[in-house]
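Keep in mind it's a predicted model, so treat the numbers as computed, not measured. Every chain is numbered from 1 and lettered A, B, ... according to where its sequence line falls, protein lines coming before strand lines.
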Amino acid sequence: MKKLILIDGNSIAYRAFFALPLLNNDKGIHTNAVYGFTMMLSKILEEEKPTHILVAFDAGKTTFRHETYSEYKGTRQKTPPELSEQFPLIRELLDAFGIERYELENYEADDIIGTMSKLAEEEGFEVTVISGDKDLTQLASPKTTVMITRKGITDMEAYTPKHLQEKYGLAPKQIIDMKGLMGDTSDNIPGVPGIGEKTAVKLLKQFPTVEELLSHIDEVSGKKLQEKLEAYKDQALMSKQLATINRNIPLTISIGQAEYKHADMEKLRRLYQELGFKSMLEKMGEDDQPGEKAALESISFSIAEDITDGLFADISSFYVEILDENYHTGEIIGFGLKNKNGLFFLRAEDALHSTAFKQWVEDDEKIKHVYDAKRSIVALRRYGMELRGIDFDLLLVSYLLNPSDTVEDFASVAKTHGYENVETDEAVYGKGAKRRLPEENVYAEHIARKAEAIAALETPCTDALKENEQLELFEQLELPLSLILADMEYTGVKVDTNRLKEMGEEFKSKLHEIEQRIYEMAGTTFNINSPKQLGIILFEKLGLPVIKKTKTGYSTSADVLEKLEPAHDIVKEILHYRQLGKLQSTYIEGLLKVVHEDGKVHTRFNQALTQTGRLSSTDPNLQNIPIRLEEGRKIRQAFVPSEEGWVIFSSDYSQVELRVLAHISGDEKLIEAFQEDMDIHTKTAMEVFHVKAEDVTPNMRRQAKAVNFGIVYGISDYGLSQNLGITRKEAGEFINRYFKSYPRVKEYMDEIVTEAKQKGYVSTLLKRRRYIPEITSRNFNLRSFAERTAMNTPIQGSAADIIKKAMIDMAKRLKEENLKARMLLQVHDELIFEAPEEEIEVLKKIVPDVMVHALELSVPLKVDSAYGPTWFDAK
DNA sequence: AAGATCACGC
DNA sequence: GACGTACGTGATCTTC
């Protein structure tokens, strides 16, 4: 399919200029219009993948339209010099991109685009027109889509004939009739005075064109309107003529000349450098051809027909492919293997039945370099093999080098390290409903490429770790943790499904009762789960005051409903309905759905996702099981030991983040508070409100707690104000008083922001990094967010380091002490075990002991433990 | 299929 | 010249 993109150069340059702040490069040249143009181009090339592209510009000051009407565009302000000076740069940019540009004396860009699109349509092209000027929509047709910028530069609305019909009830051609009637102040087209968009559209629905309308003025309703039309007949016709794009101008360029030749990368790089477009330079590192993917270099690999000892070696890169996201159930597709003997693909059915393979897999002397150790270990264990000897994990290493690099798939991870010779999983297997296994030779090659990539990246990534002083973090923390997490996941947590079902029945009948009461109070039935429908009932039918709006309508969130509680009895019922509905759908039904045949849930801890170093948990998420409200907390009764006579044992850190803060800030008062094991919220209340311990009211403590909470999670004054239901100003004052109370904390906050600006990243106690590029942003909100991130990440991340270290020590200790107890879960500051009852006394000693001594800080760590027959009882 | 809204945990 | 406010997972509804 041939595809032509036609861009209205002047219009886009104007849009970009006014949409963006007046950016400067280091030489003081204004670059905002060029930057906007660049963003628009790279987005459009990527999304539309055109075969042909042309940017049209207006030429000179006067056009044929001025012959008709000398005041055409007469009210236009002169182009600001800050913009004019950027046009040569835009031309340079287009040349570097390999994009044809064109202008023609006496005509406007519109006419070039109109004529070009007509010719292209005749030659069977699909055409996309891009402009900031709605006039261009008159060119829309089944073959031509007109994209008009909505706000900014890259947000565009696509106008098709159908879309125009829906929006105005007009055909594309009638846009010019509309203009003829209503005029256009920006182009100084007069139209008919007193007729605006609404009247114009109404009239054109009755008579399709201006001409038709003018010959039937007597049939128009309204005497005044008739008079106006009569009086400005000629002006209407002339206006229409002015608004009409000339689609037959004498072009001196052919469509063939507009073929997209792809960018001259060197030229583009130099230009970006000159203009100071850092983000664009970064992006260029990622893909060589904007909008076009280069084909992969060919590789040579073989499918191992016989799995013999001869395939294996002492050091290999090894990739285990499982198509399903969930490796607890997904089938292994095959293996990629790269070593001194060559590059191989091993079929799953061959390898998994081979003793040579099993021996190699289980031999911890045979070094393996892998991607996602935990996934590989768990999957192989299900086939009766213990994967040993891993000393490099590309996924984990990439995550440590930069946690924002591992959000996507293998290919993107490889790419961030400069290795591009591997397809994305999506390209090979498809996504969503279309995800399936292609022919063997296709996936065999893909899997082999992954093994090759691991081999290619092992040395440079390890070097980078050393460079960052993170090798120890990887070797002593994340990699060993990965093996422990594999055990925890594989072990799973026993679920009492009968208890869950019982609770489900209870919730079901309660929900039904509440539902009936709500319908009765509302006077109608509706979907209570639909915020839209609920909004209509509450705010329109019952006339409750609107407190907050969302993008799409009324907000019905809990904090809004809580404010409405006194206004109507229905609100209380709705809140309760929401609460129970959540428990029912997420925790009862959701949990039952993911219970395996062994009666257990096997979560997956994502170890390479969060930007702070915390773990996350999916399928099911066992890190957000209810606890706050009694009704929900009962869900925990369904989590039980997997063996008769065992119990659930749980230990959690007390205020670990604030202790970390005391340690890294060195604030005397905070350190003292923890050394004396004071209630930290009460202490904060005493400091902030300048009162004695006995004079701290529950409300003061609550507010102090919210401030502590805010410090730990890096929320803004806005966030705190929402939390406490106070104004932003008041929240800001609280924060200031907090900083006055703990002056070293304030100093730490200032220093860490400065450090982040200097280095571009912040670090945790164990040298985990988080890069924060937005810290230098000129955008206030982005920068503020970045600053809070800089302040918060070392706190939360160090706390994550501590519990991870504790888990490693704990696993070792359990082994040393020959205990049967098993670690099951980690919930950020809490470790959960199952153990024989007779081990409880030992655990009560050693678990807190290990956790408290995971890392030595200048304040003591504190751990609380509990146990019982279910997770609920371990409180 | 993707986005928005809401709610749960830390 | 608007931005959008701790993070993460998941359910449901709605729109494309």
Side-chain angles (χ1 to χ4, degrees), chain A residues 18-22 32 151-152 155 158 163 403 407 431-434 527-535 548-561 574-575 577-591 593-594 603-606 609-629 632-633 635-636 652-653 655-657 709-723 728 731 770 774 777-789 791-793 795-797 799-800 803 825-830:
Chain A
F18 289 108
L20 296 170
L22 203 56
N32 60 339
K151 61 173 185 185
D155 182 12
H163 185 255
V407 282
K431 67 167 174 177
K434 287 191 208 123
N527 186 346
I528 307 166
N529 283 321
S530 161
K532 199 177 161 188
Q533 292 184 37
L534 180 62
K548 200 163 77 180
K549 285 202 152 201
T550 66
K551 275 181 214 160
T552 52
Y554 310 111
S555 170
T556 64
S557 60
D559 60 310
V560 169
L561 296 186
I574 289 165
L575 281 166
Y577 181 88
R578 281 248 179 97
Q579 189 203 329
L580 287 184
K582 173 79 179 175
L583 294 176
Q584 182 77 307
S585 69
T586 306
Y587 296 105
I588 302 287
E589 290 165 3
L591 218 42
K593 259 188 266 179
V594 293
T603 189
R604 292 184 334 270
F605 290 106
N606 197 333
L609 186 132
T610 71
Q611 301 303 299
T612 55
R614 278 186 170 184
L615 302 175
S616 78
S617 156
T618 50
D619 286 328
N621 179 355
L622 293 178
Q623 294 183 319
N624 72 341
I625 302 301
I627 189 163
R628 236 183 64 241
L629 301 168
R633 190 173 198 158
I635 300 280
R636 294 178 175 229
D652 67 297
Y653 281 112
Q655 304 299 350
V656 62
E657 284 96 350
F709 174 89
I711 296 290
V712 166
Y713 289 118
I715 63 174
S716 57
D717 53 357
Y718 173 87
L720 182 63
S721 74
Q722 292 296 300
N723 242 319
R728 194 169 159 158
R770 179 173 186 178
E774 294 87 0
S777 171
R778 288 162 299 277
N779 177 318
F780 174 81
N781 288 300
L782 278 183
R783 192 178 60 249
S784 304
F785 185 42
E787 287 169 358
R788 295 201 303 275
T789 302
M791 297 184 242
N792 163 252
T793 297
I795 303 173
Q796 214 188 101
I803 194 162
L825 297 173
Q826 186 250 51
V827 189
H828 309 309
D829 63 356
E830 178 184 14

Worked verdict on A:Gln623 versus A:Gln826 for side-chain contact (heavy atoms from CB on, under 4.5 Å)
CA-CA 8 Å; A:Gln623 294 183 319; A:Gln826 186 250 51; 3.3 Å; yes
Hey, is the main chain of A:Ile625 close enough, under 3.5 Å, to the side chain of A:Arg636 for a donor-acceptor pair?
yes
Could you state the CD1-P distance from A:Ile715 to C:dT5, rounded to the nearest angstrom?
13 Å
Across the strands shown, which category fits A:Thr610 at heavy-atom distances under 4.0 angstrom: base, sugar-phosphate, nothing?
sugar-phosphate
Heavy atoms under 4.0 Å, any strand shown: does A:Thr612 hit a base, just sugar-phosphate, or nothing?
nothing
Note, A:Thr556 side chain near A:Arg578 side chain (heavy atom, < 4.5 Å):
yes
Shortest non-hydrogen separation from A:Gly719 to A:Ile715 and the atoms involved:
C-CD1, 3.8 Å
To the nearest Å, how far apart are A:Lys551 NZ and C:dA2 C1'?
13 Å
Apply side-chain contact (heavy atoms from CB on, under 4.5 Å) to the pair A:Ile627 and A:Ile635, showing each step before the final yes or no.
CA-CA 9 Å; A:Ile627 189 163; A:Ile635 300 280; over 6 Å; no
Determine which nucleotide pairs with B:dA7, using a 3.5 Å limit on both distances of a Watson-Crick or G-U wobble pair.
C:dT9
Looking at every strand, decide which applies to A:Phe785 at a 4.0 Å heavy-atom threshold: base, sugar-phosphate, or nothing.
sugar-phosphate
Does one side chain, of A:Ser557 or A:Asp559, offer a donor that lies under 3.5 Å from an acceptor on the other?
yes
Tell me what A:Leu782 touches on the nucleic acid: a base, only sugar-phosphate, or nothing, going by heavy atoms under 4.0 Å.
nothing
Say we look at C:dT5 and B:dC10: how far apart would their P atoms be, to the nearest angstrom?
23 Å
Hey, which of A:Thr610, A:Thr612, A:Thr789 is the one that makes side-chain hydrogen bond (donor to acceptor under 3.5 Å, both in side chains) with A:Gln796?
A:Thr612
A:Asp829 CG to C:dC7 C1', straight-line distance once rounded to whole Å:
14 Å
Interatomic distance where CZ belongs to A:Arg770 and C1' belongs to C:dG8 [whole Å]:
12 Å
Contact residues, residues 613-625 of chain A to DNA chain B [heavy atom, < 4.0 Å]:
A:Arg614, A:Gln623, A:Asn624, A:Ile625
Using a 4.0 Å cut-off on protein heavy atoms (strictly under), produce a 5'-to-3' string for nucleotides 11-16 of chain C with B for base contact, S for backbone-only sugar-phosphate contact, and - for none.
SSSSS-
d(CG, A:Leu583; C1', C:dG10) in whole Å
14 Å
Paired to C:dA2 by Watson-Crick or G-U wobble criteria (both distances under 3.5 Å) is none
Contact interval (first through last nucleotide) of DNA chain B with protein chain A, 4.0 Å heavy-atom
B:dA1 to B:dC10
Look at all strands and tell whether A:Gln611 reaches a base, only sugar-phosphate, or nothing, counting heavy atoms closer than 4.0 Å.
sugar-phosphate
Return yes if some donor-acceptor pair links the side-chain N/O of A:Gln533 with the main-chain N/O of A:Asn527 below 3.5 Å, else return no.
yes
Value in whole Å for how far the P atom of C:dC3 lies from CZ of A:Arg778:
19 Å
Is the side chain of A:Arg728 donor-acceptor paired with the backbone N or O of A:Asp717 at a distance under 3.5 Å, no angle test?
no
Give the C-alpha distance, both sets of side-chain angles, the deciding distance and a yes or no for side-chain contact (heavy atoms from CB on, under 4.5 Å) between A:Val656 and A:Ile803.
CA-CA 9 Å; A:Val656 62; A:Ile803 194 162; over 6 Å; no
For A:Ser617 and A:Leu622, the nearest pair of non-hydrogen atoms, with its separation, is OG-N, 2.9 Å
Write down the distance separating the P atoms in C:dC3 and B:dA4, rounded off to the nearest Å.
13 Å
A:Gln584 CD to C:dG10 P: how many Å, rounded?
18 Å
Ignoring hydrogens and angles, tell me if any N or O in the side chain of A:Gln611 forms a donor-acceptor pair with the backbone of A:Leu609 under 3.5 Å.
yes
Could you state the CG-C1' distance from A:Asn723 to C:dT5, rounded to the nearest angstrom?
12 Å
When we call it a touch if two heavy atoms are under 4.0 Å apart, what does A:Ser784 touch: a base, just sugar-phosphate, or nothing?
nothing
How about A:Leu825 and A:Phe605: do any of their side-chain heavy atoms sit closer than 4.5 Å?
yes
